[in-house]
Amino acid sequence: MRTATLGPVERGEALARMAERELDVLVVGGGVVGAGTALDAATRGLATGLVEARDWAAGTSSRSSKLIHGGLRYLEMLDFALVREALKERGLLLERIAPHLVRPVPFLYPLQHKGWERFYAGSGVALYDAMSISSGHGRGLPTHRHLTRKHALSVAPCLKKDALVGALQYYDAQMDDARYVATIVRTAAAYGADVANRARVVGFLREGERVVGARVHDLEQGGEFEVRARQVVNATGVWTDDTQGLIAERGQFHVRASKGIHLVVPKDRIHSTTGLILRTEKSVLFVIPWGRHWIVGTTDTDWDLDKAHPAASSADIDYLLEHVNSVLSTPLTRDDVQGVYAGLRPLLAGESDATSKLSREHTVAHPVPGLVVVAGGKYTTYRVMAKDAVDEAVHGLDQKVADCVTEDVPLMGAEGYKALWNTRARIAQRTGLHVARVEHLLNRYGSMIDEVLALITADPTLGEPLAAADDYLRAEVVYAASHEGARHLDDVLTRRTRVSIETFDRGTRSAREAAELMAPVLGWDKGQIEREVEHYEKRVEAERESQRQPDDLTADAARLGAPDIQPR
């Protein structure tokens with residue numbers, strides 16, 4: 001397929017085009033739902049724009065459990081429709097839409113009661129597999145299996161012997177959530193969407209009661225301009241109510257924020273060949289394989305403080321450690337924690353007890369002419385949410401518009417990925433990179449690997465790993481700024497790569513090297529390099545300080561000690 005580059009020049013051109021013409025659809029919000037909505041609209045032939053106040057996936061969509069899953073626990077709630085929908089989407093992403101970004105991951109569910117629990121849990125997992133296969137897109141994953149206690153301990157030696165009487169093992173899928181969003185955005189741009197991050201909507205344009213566009217502030221170059229559109233889609237997640245407030249209209253529903261935190265620990269701290277799923281008194285706890293690490297999460301607590309930078313408190317960290325240590329033979333300590341991140345789930349809440357769901361389902365509304373609102377949902381079903389949002393917007397367009405086609409639209413990097421994977425040894429031989437490094441690149445860029453390798457051909461020093469984060473090549477930092485829309489150091493170390501949660505220094509030792517690699521692409525002088533490094537170091541220290549605080553209020557106050565990066 002065609003490719004799209006999201007460098008600084010392309011961003012400026014996209015903003016200019018949005019200011020010059022009336023769009024069919026303007027999408028506000030660059031998380032997974034907003035990005036998916038822009039792709040859906042563009043692939044229907046609509047003139048589409050997408051603006052995001054910060055970076056792509058800077059909010060909820062970069063801070064998830066990084067799972068593409070049907071939601072096994074929703075079966076227990078008898079929410080069969082949600083599970084069926086999510087399992088179909090899981091299969092589509094694995095097989096067709098993003099096989100380079102989404103991959104299977106095994107989970108072990110320890111059984112603690114003989115007899116009835118194996119029957120009860122086994123029936124649920126069997127139904128889960130059956131629903132996946134019946135969707136027509138679930139044959140790529142192994143089905144579940146029952147394990148004896150001895151077999152389970154051989155698969156997961158980390159478990160205490162008295163923590164289980166047997167186990168079930170089943171499969172779901174995972175991805176790098178922020179990378180996935182950036183790839184959707186690039187794919188939307190490849191199909192003609194104009195996209196720009198660091199472009200904040202500060203107001204809506206009205207003609208009578210109708211919304212006819214938005215006022216946008218360019219946070220990089222400064223200045224404010226108008227973007228006119230026949231339909232505007234509000235896809236701002238936990239900011240939905242704030243965005244709706246810009247038109248002073250009472251919403252038909254509200255979005256409540258629920259905080260979930262995750263810990264990242266080194267692979268050698270938990271001796272297991274499989275992920276784990278554990279029951280807690282409130283929900284479930286996942287221990288998820290993540291490259292050379294494990295992700296442990298998550299919590300589920302109300303959050304009504306700063307939405308941009310939700311903070312993990314000491315109590316949150318203790319909660320996760322206490323629960324995971326209840327089954328581990330060698331307990332984790334604070335010293336084992338490499339990274340911590342907190343995210344906010346957007347949960348729907350009605351205006352009264354009768355309508356309140358606090359649900360993982362999504363809803364779409366048309367509160368005033370010209371404005372569509374989409375909210376709620378879960379990452380796995382982003383494509384369905386996007387389809388529903390565009391379908392609603394189409395009702396307001398006086399023209400015939402094609403049906404949704406995104407079920408059959410692979411993301412950039414998907415086409416040719418499997419063939420390249422089969423030839424990875426030859427790619428390694430040709431480039432001089434180790435085959436493990438080639439596999440790493442293929443699983444991040446797919447068939448776009450050639451663009452990264454071209455940078456190395458032009459400058460062989462870019463084929464070296466970052467000095468303090470050797471999972472990533474120097475070329476990946478340059479590529480993030482030149483092709484993937486990264487505008488600041490934080491974008492690269494936190495979202496285009498995961499250095500900020502995968503190293504004990506949280507990326508501070510890589511900050512200057514990365515900033516100097518980005519500088520020529522983004523036109524930074526020495527002063528801007530210093531500002532970027534200083535901001536990143538302050539952000540990390542503010543996060544560390546927040547994680548030493550006893551509760552949400554004090555953690556939030558500590559995290560807000562590091563303001564957002566400002567433009568030059």
Side-chain angles (χ1 to χ4, degrees), residues 4-8 10-12 14-15 27-36 38 49-64 66 176-189 193-201 216-221 235-239 243 306-310 341-344 379 382 444 472 476-501 506-507 511 514-515 517-518 521-522 524 528 531-533 535-536 538-540 543 559 562-568:
T5 298
L6 302 184
E10 290 80 11
R11 177 186 178 277
L15 286 171
V27 183
V28 183
V32 71
V33 176
L50 170 65
V51 291
E52 158 60 38
R54 295 189 295 159
D55 184 30
W56 308 122
T60 302
S61 295
S62 61
R63 306 178 193 190
S64 73
K66 316 200 187 313
D176 182 327
D177 48 9
R179 170 150 299 283
Y180 194 96
V181 173
T183 307
I184 300 175
V185 173
R186 288 188 69 188
T187 308
D194 290 320
V195 304
N197 53 359
R198 298 281 294 171
R200 183 186 302 276
V201 168
V216 178
H217 178 206
D218 182 352
L219 295 172
E220 291 296 290
Q221 304 301 323
T236 52
V238 294
W239 286 272
T243 310
D306 181 65
K307 295 186 182 79
H309 305 294
Y341 63 94
L344 300 177
Y379 200 113
Y382 81 88
R444 284 169 57 74
Y472 300 97
E476 296 182 76
V477 174
V478 175
Y479 188 80
S482 63
H483 287 70
E484 296 182 327
R487 298 291 306 170
H488 294 282
L489 181 59
D490 190 48
D491 302 343
V492 171
L493 295 181
T494 306
R495 286 172 289 277
R496 301 307 183 281
T497 71
R498 294 303 189 152
V499 174
S500 68
I501 59 172
R506 309 274 173 100
L517 288 166
M518 296 171 70
V521 180
L522 298 175
W524 293 349
Q528 184 64 18
R531 282 189 290 273
E532 294 283 338
V533 172
H535 166 264
Y536 186 81
K538 284 183 176 177
R539 196 214 81 179
V540 169
E543 287 184 350
R559 175 60 187 87
D564 285 343
I565 187 76
Q566 297 299 314
R568 286 175 291 168

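All values derive from a computational prediction rather than experimental measurement. By convention here, the first residue in the shown sequence is residue 1.
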- request: Determine whether Arg63 and Pro310 make a side-chain contact, defined as any pair of heavy atoms from C-beta on separated by less than 4.5 Å.
  value: yes
- request: Might you point out which heavy atoms bring Ala235 and Val27 nearest each other, and give the distance in Å?
  value: CB-CG1, 4.4 Å
- prompt: Taking atom OG1 of Thr60 and atom NZ of Lys307, what is their separation to the nearest 0.5 Å?
  reply: 11.0 Å
field: Minimal non-hydrogen separation, Thr183 against Arg179, with atom names
entry: OG1-O, 2.8 Å
statement: Taken to the nearest 0.5 Å, the spacing of Trp56 CH2 from Leu50 CG works out to 4.0 Å
- request: Using atom types as modelled and distance alone, determine if a side-chain donor or acceptor of Ser482 lies under 3.5 Å from a backbone N or O of Gly7.
  value: no
message: Can you confirm whether Glu220 sits close enough to Pro8 that some side-chain heavy atom of one is under 4.5 Å from a side-chain heavy atom of the other?
response: no
- prompt: Taking Glu532 for the side chain and Ala515 for the main chain, is one N or O donor matched with an acceptor at less than 3.5 Å?
  reply: no
- prompt: Are Glu543 and Arg506 within salt-bridge range, i.e. N to O under 4.0 Å?
  reply: no
query: What residues form a ring pair (Phe, Tyr, Trp, His ring centres under 6.0 Å) with Tyr479, not counting sequence neighbours?
result: Tyr445, His483
message: I need the Ser64 OG to Leu344 CG distance, nearest 0.5 Å.
response: 12.5 Å
query: Would you say the side chain of Thr243 lies within less than 4.5 Å of the side chain of Val201, judging by non-hydrogen atoms?
result: no
Carboxylate-amine/guanidinium contact Arg198 Glu52, below 4.0 Å: no
query: Taking only residues two or more places apart in sequence, or in another chain, which ones meet Asp491 in a salt bridge (Lys or Arg N to Asp or Glu O under 4.0 Å)?
result: Arg495
statement: Checking Arg444, Arg496, Arg498 against Glu476 for salt bridge (charged side-chain N to carboxylate O under 4.0 Å, His left out), the one that qualifies is Arg444
task: Identify the heavy atoms of Leu517 and Val478 that sit nearest to each other, and give their distance.
output: O-CG2, 3.9 Å
- prompt: Heavy-atom distance under 4.5 Å between the side chains of Tyr472 and Leu493, does that happen here?
  reply: no
Rounded distance [0.5 Å steps], NZ in Lys66 versus OH in Tyr379: 8.5 Å
- prompt: Between Arg186 (side chain) and Ala4 (backbone), is there a donor-acceptor pair under 3.5 Å?
  reply: yes
query: In Å and rounded to the nearest 0.5 Å, what is the CG to CG distance from Asp194 to Leu15?
result: 8.5 Å
task: Walk me through it: do Met518 and Leu489 pass the test side chain to side chain contact (heavy atoms under 4.5 Å, CB included)?
output: CA-CA 8 Å; Met518 296 171 70; Leu489 181 59; 4.2 Å; yes
task: Taking all non-hydrogen atoms of both residues into account, name the closest pair between Ala189 and Leu6 and its distance.
output: CB-CD2, 4.0 Å
message: If you compare all heavy atoms of Val195 against all heavy atoms of Val185, which two are closest, and at what distance to 0.1 Å?
response: CG2-CG1, 3.9 Å
task: Taking Ser62 for its side chain and Ala57 for its backbone only, find out whether a donor-acceptor pair lies under 3.5 Å.
output: yes
message: Evaluate Asp306 against Arg559 for salt bridge (Lys or Arg N to Asp or Glu O under 4.0 Å), listing each step before the verdict.
response: CA-CA 9 Å; Asp306 181 65; Arg559 175 60 187 87; over 6 Å; no
task: Could you list the residues that satisfy side-chain hydrogen bond (donor to acceptor under 3.5 Å, both in side chains) with Asn197, not counting sequence neighbours?
output: Asp55
- prompt: Taking C-beta and beyond as the side chain, do Thr494 and Tyr341 meet within less than 4.5 Å on heavy atoms?
  reply: no
statement: Rounded to the nearest 0.5 Å, the CD atom of Gln528 sits from the CG atom of Leu522 at a distance of 9.0 Å
statement: In terms of heavy-atom contacts, Ala35 and Val181 come closest through CB-CG1, 4.1 Å
